[in-house]
Each structure stands twice: as C-alpha cells, then as structure tokens.
S.K.: 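Could you have a look at this structure, given as structure tokens, before my questions?
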Amino acid sequence: MSSKVRVRFAPSPTGPLHIGGVRTALYNYLFAKKHGGDFLLRIEDTDQTRFVPGAEKYIIEALAWCGISPDEGIGGEDRGNGPYRQSERKPMYRQYVDQLLDNDKAYIAFDSAEELDTMRQLAKDAGAANWQYNYITRGNMKNSLTLPKEEVEAKIAAGEPYVVRIKLPRDHEVRFEDTIRGWVSVNTNNMDDKVLFKSDGMPTYHLANIVDDHLMDITHVIRGEEWLPSAPLHVMLYEAFGWERPVFAHLPLLLKPDGPGKLSKRDGDRLGFPVFPIDWNNEETGETASGYREFGFYPDAFINMLALLGWNPGTEQEIFDLQGLVDAFDLSKVSKSGAKFDFEKGKWFNQLYLRSQGEAALAKDLKAQLDARGLSCNEQYLGTIAMMMSERATFPQDLVTEGMFLFERPTEYDEKTASKKWTAESPAMIQDLSERFAALADFTEANIETAFKDYLAEKELGFGKVGPSFRLAVTGKGMGPSMFTICEVLGKEEVLARMSAAIETLG
RNA sequence: GGCCCGUUCGUCUAGCGGUCCAGGACGCCGCCCUUUCACGGCGGAAACACGGGUUCGAUUCCCGUACGGGUCACCA
C-alpha cells in the first residue's frame, strides 16, 4: 500500500445532491489535491429500493459544474479498483462476510423485521430506554449464537432469509482520533450488533463502506458529522478484519438558515433560494428543484461561498478560486460546529465575481440573457451596457432586468418621479433639449453631455431641475446609470422619439 | 429518552493562557462621493451561554448546568 493520499466521495444515488453534499465532495477534493493525492467517486447504491434514476448523472454533472472532476471511479478513470458502484460489487462482499463469520466476529440472525419491531415496541412500552440487538439481548433472539448448529444449517438450506450481524464485544472502549474533533470514545455497551449483510444478499452501507475503502486504498475518510455515531462501528470492523483503518474527519453539518436541524433535500425551494447546485428534474415523478447554476451563480462564486462555510484559512482572505482553495485548505482549520447557511453572503460573492468578469465576458453574459428573452440591442454597445449595468447586478440576468429601458421603450413612467419631478415646465424643457440633440451631428456621450450642460448654463437651470425629468422621459425611471451613456447607447432617433412620446403622455 | 458531538456579534468566523474593554466578512445604520440609483470610500451599533474550578492571569484548560445538533433501520 502506498502512502499516497486517497480520498473518496461516496454518495448514494437517491436524488439530487444538496449543497452540504457538494461541500463534502469539495473538501475531499481540496484535501486530495492539496496533498497531491487522488479523489475518487464511488456510488453507494446498496439499497436498491431507494435508487433514483438520473441521480448518478446529476451528481457527476453537478460536481463538474463546480470544477470538481474525479481522478478515479464514476466520472473518472477505472484504475483497476472497480467496479465503483457497490451494486456491481455485490459478489465481492460475501467472502468478507464469511471471513467475519469464520472468525467469530459476526453471526447469522433469523429474526424478521416484524419480530424486531415487536421487540422494540415491547421495550418501549415497558419504559426501557432503547432496545438494542446487543450482547445482552442476542441471547434471546433467533440466531446462530442461540440456535443449534444443525438448525441454523437447516434453516439456511431451506432458504429461510437471514442477515449477518457484527458480534460486538461487551464493555470495550472504542477510541479513535478524528482530525477535526480530536479523540472520540464510545463503549460497545452503547452500541448494537448492526446488520452487515442483508437478507437480499447485499451488504449494508457499513460493511460495503469498510471493504471498499480498504480495497481502494482510501487513506482519509472525510464525511459529514451524521456519520460520527457509526464511526465506532466502522473502527470495530477494521479491527475485526485486522486492517489498518483510514484517518477519520467528520465535517460539521450545514444547518437550515431558519428553523432548527440540518439542511435537507426537502428544504428545496421552501426558503426562497436553491439548496441544490444545479436544477433537478425527475422525469418519473415530476419532482423538480432549482439549482445555483440556473439561479445565475458563477461556479467559482458558489464554490468560494461553500468552502468558507465551515472552514477558513486563518487569515482575513476570503476570495479564493479553486486553486487558491487547494493551496490554502487545511482540515485542521475546519470548524467543529454546524454552520447555518446564509444566502445573503452567497449573493455578495456572486456580485463580486460578476464584477470581476471583465467586459468581454460580461458582454457575452448580457448577449445570452438578451437572446433568452428575445431582446436585442445595438451589438456594438454590448460591452458598454454590460459594464454599466454590472455595477448594479448580482446575477447575469440583472444585466438585463435592471436596465430594461435600454432594450424596450418605456410603456409607463414611474409615478413617484412623475408627480415629484415632472412639472409644468418639463414639457418645454424636454422639447428644447430634444431640439438641441437633434442638431448634434455626432450623438456621443461627450457631445450629449456638452449639449445638455450648455442648455443648463444658458437657461440658468440647475442639474436637479432638468435631470430627473429628462431621465423620466427617456427611461421612465427615477434612477439609473448616467443619462449621457444611456442616450448614446439608445441612439439619437430613439432618444428623440422617447422624448416626444413623454411630452405626449405626461403632458 | 440513551449515546455521541458542539456552544465568540443577527449570520459565517479569527482567537490555540497575558498582545482582547475580542479582529475580519455578510447584513444593518450613518456620513462622503454622485443630478438619481448603484459602485466606491469612511465610520457606527452588534458577541466570548451560565456556574464552579485550575492559574499570578482565562474567550482560550478541566468539571457541571443550560441550550443546540447528530444518531439510535435488513437507509445511506
């Protein structure tokens, strides 16, 4: 076994990956790249009843959008450790179960799900804390520890369904050092004999996870805190097999911004913002959920925001691209407590990234937004408009929506501005201005400004006296970017037409 | 309820015994810039859950309490 760092992200294909899952994948990826290691993607689909078509494709696409591509496994290379879907590894697990059975580390149990439910209910009714299948109760259950060997064999031969459970020693302190939390310790008396192998012939997550991580030479297991309670079981499994165990790091959870609890897939669009990286559409059930990509987020901004939720570089820097994150990432700087997700901060990141796009990229974004809405403008001004609107945009779509007047003639005039700024003198002033504009040979920003200011000077008028009504006449709004730039972009004809239309409408 | 984990401004967090009457960021408020809005600049309000220890000295270490979270399936 090499000492090369190898980590895996092992989602279950039960639906779209929410941002907590994306963050887990991201941290795994950052850790691997930081240490020159491998990032593997493995699909944990041992529960065939929960399989959702399209989920695997979604996971790969979502990670790809984030700039995360697996070195090995699903969506990456097959480097001889495959298959990388647990359902396809089904035949591999039996021998490990037998190994445990042979070494008295596990046993066969025939209790049906109904019988177990009954036991649990009985215990509950009796006021017992929590019924467990453990070193005490297993003596009263139907298993290979209580049944004669012949009967066990007969039952198996008869095809009676059974599961295999781990045989936990009593009163044994399981200790392991978590990179993020330090020493964690649990006594086996508080654990139960978890099922390792199901009656349908598939291993449970616990068994498959340990076997696969071992076979795939995984050196670090970085996963969500929800796995912390089962980590001691996993430690016991490594010991039962006599395998060296990987280093564990349990990440703090992403919490709901409002109520209590961890962020869940069900939070979908309930909160008014996405909890998924990209849109999700389940053709079969018609279930849909919106994603950050479609919401208008730049992947870099999304990743930047996500990375800082539960981790910080220890400096005051908070703008990082993917490579920057790789360089700065350190598991020991991951915080221990859960983080409530804050969409406002996410918006701030996007705004920052949008503004740093540069004119060419922004022009492209603007063009795409216009096309999507069937709008158009003088293409030579694409860059100018994009830069002008970028100051008040958070998302690419704002480039258009915040400046609709650039693409459509105003159909109505802002009432508040009209009542306050459109006075009895306004029509005459706008008329005068339009005549001066009409006389301009070169309808450029600078010329328009000069003409406008000359007019003010000659009539001894303040900017505030004419400016607002001028803006109202041309854009229908009470606020916005520089009027001179707007006018040049609109072109002489359009500006003049709008001015006379305003005089007509507003009187 | 049992077990496990956690607890610094509204939110994300810095802080790894003295440099902290606690720093940064988002958000919020004010001022400046500006014809307006936005951008930008400057400034402000805002937190160590509580109680015991340990120590010359605790935000930092230990214990307890409270609160929060996770988990207790033949799901991952």
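Given the structure is predicted, the values throughout are model-derived calculations rather than measurements. Residue numbers start from 1 in every chain, and the chains themselves are labelled A, B, ... in the order their sequence lines are given, proteins ahead of strands.
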S.K.: When you measure from the side chain of Arg165(A), which nucleotide among rU71(B), rU13(B), rC74(B) comes out closest?
M.R.: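 The answer is rC74(B), which lies nearest to the side chain.
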S.K.: Looking at rA25(B), rG69(B), rU71(B), which one has an atom nearest to any side-chain atom of Glu226(A)?
M.R.: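 The answer is rU71(B).
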S.K.: Whether the side chain of Lys194(A) and the base of rA73(B) hold a donor-acceptor pair under 3.5 Å is what I'd like checked.
M.R.: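 No pair found.
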S.K.: Can you tell me if Lys340(A) touches the phosphate of rG68(B), counting only side-chain N or O atoms and a distance under 4.0 Å to OP1 or OP2?
M.R.: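 For rG68(B), OP1/OP2 do not have a side-chain N/O of Lys340(A) under 4.0 Å.
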S.K.: Name the nucleic acid region contacted by Thr46(A), choosing base, sugar-phosphate or nothing; use a 4.0 angstrom heavy-atom cut-off, strictly under.
M.R.: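 Counting heavy atoms under 4.0 Å across all strands, the contact made by Thr46(A) is with sugar-phosphate only.
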S.K.: For Asp111(A), which contact category applies under a 4.0 Å heavy-atom criterion: base, sugar-phosphate, or nothing?
M.R.: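 Contact class for Asp111(A): base.
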S.K.: Nearest heavy atom decides the nucleotide; on that basis, is Pro468(A) or Thr315(A) closer to the 5' end of RNA chain B?
M.R.: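 Nearest-nucleotide comparison on RNA chain B picks Thr315(A).
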S.K.: Please state whether the phosphate of rU71(B), meaning OP1 or OP2, lies under 4.0 angstrom from any side-chain nitrogen or oxygen of Lys262(A).
M.R.: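 Yes, Lys262(A) has a side-chain N/O under 4.0 Å of OP1/OP2 on rU71(B).
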S.K.: State whether Asn312(A) places a side-chain N or O below 4.0 Å from either non-bridging phosphate oxygen (OP1 or OP2) of rA14(B).
M.R.: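 So the side chain of Asn312(A) is within the cut-off, an N or O lying under 4.0 Å from OP1 or OP2 of rA14(B).
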S.K.: Of all the nucleotides listed (rA76(B), rC3(B), rC74(B)), which has the minimum atom distance to the side chain of Glu44(A)?
M.R.: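 Of rA76(B), rC3(B), rC74(B), rA76(B) is nearest to the side chain of Glu44(A).
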S.K.: Does a side-chain N or O from Thr14(A) land closer than 4.0 Å to OP1 or OP2 of rA76(B), or not?
M.R.: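 So the side-chain polar atoms of Thr14(A) never come under 4.0 Å of the phosphate oxygens OP1 or OP2 of rA76(B).
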S.K.: Side-chain N or O of Arg355(A) versus OP1/OP2 of rG40(B): is the shortest distance under 4.0 Å?
M.R.: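 For Arg355(A), the contact criterion (side-chain N or O under 4.0 Å from OP1 or OP2 of rG40(B)) is met.
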S.K.: Give a yes/no answer on whether the side chain of Lys198(A) brings an N or O atom under 4.0 Å of OP1 or OP2 in rA76(B).
M.R.: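 So the side-chain polar atoms of Lys198(A) do come within 4.0 Å of the phosphate oxygens OP1 or OP2 of rA76(B), strictly under.
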S.K.: CG of Leu306(A) versus C1' of rC26(B): gap in Å, rounded?
M.R.: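 The distance from CG of Leu306(A) to C1' of rC26(B) comes to 16 Å, rounded to the nearest Å.
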S.K.: Here's a test of your reading of the structure: between Ser482(A) and Glu316(A), which maps to the more 5' nucleotide of RNA chain B?
M.R.: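 Its nucleotide being nearer the 5' end, the pick is Glu316(A).
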S.K.: Looking across every strand, which nucleic acid part, if any, lies under 4.0 Å from Val163(A) by heavy atom: base, sugar-phosphate, or nothing?
M.R.: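 The residue Val163(A) makes base contact.
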S.K.: Return yes if the base of rC75(B) and the side-chain atoms of Arg50(A) contain a donor-acceptor N/O pair under 3.5 Å, otherwise no.
M.R.: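 Such a pair exists between side chain and base.
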S.K.: Considering every strand and a 4.0 Å limit on heavy-atom distances, what is the contact class for Arg471(A): base, sugar-phosphate, or nothing?
M.R.: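 Arg471(A): base contact, heavy atoms under 4.0 Å.
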S.K.: Nearest to the side chain of Thr204(A), heavy atoms from C-beta on, is which of rC26(B), rA38(B), rC75(B)?
M.R.: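 Among rC26(B), rA38(B), rC75(B), the one nearest the side chain of Thr204(A) is rC75(B).
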S.K.: Checking all strands, does Ala113(A) fall into the base, sugar-phosphate, or nothing category for heavy-atom contacts under 4.0 angstrom?
M.R.: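 Base, at least one base atom sits under 4.0 Å.
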S.K.: Counting side-chain heavy atoms from CB outward, which of rA76(B), rC39(B), rA73(B) is closest to Arg120(A)?
M.R.: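 For Arg120(A), the side-chain atoms sit closest to rA73(B).
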S.K.: Determine whether any donor atom in the side chain of Asp342(A) lies under 3.5 Å from an acceptor atom in the base of rC12(B), or the reverse, and answer yes or no.
M.R.: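 When only heavy-atom distances are counted, Asp342(A) does not reach the base of rC12(B) through any donor-acceptor pair under 3.5 Å.
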S.K.: Which part of the nucleic acid, if any, lies within contact of Lys333(A), taking any heavy atom under 4.0 Å across all strands shown: a base, the sugar-phosphate backbone alone, or nothing?
M.R.: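 Counting heavy atoms under 4.0 Å across all strands, the contact made by Lys333(A) is with sugar-phosphate only.
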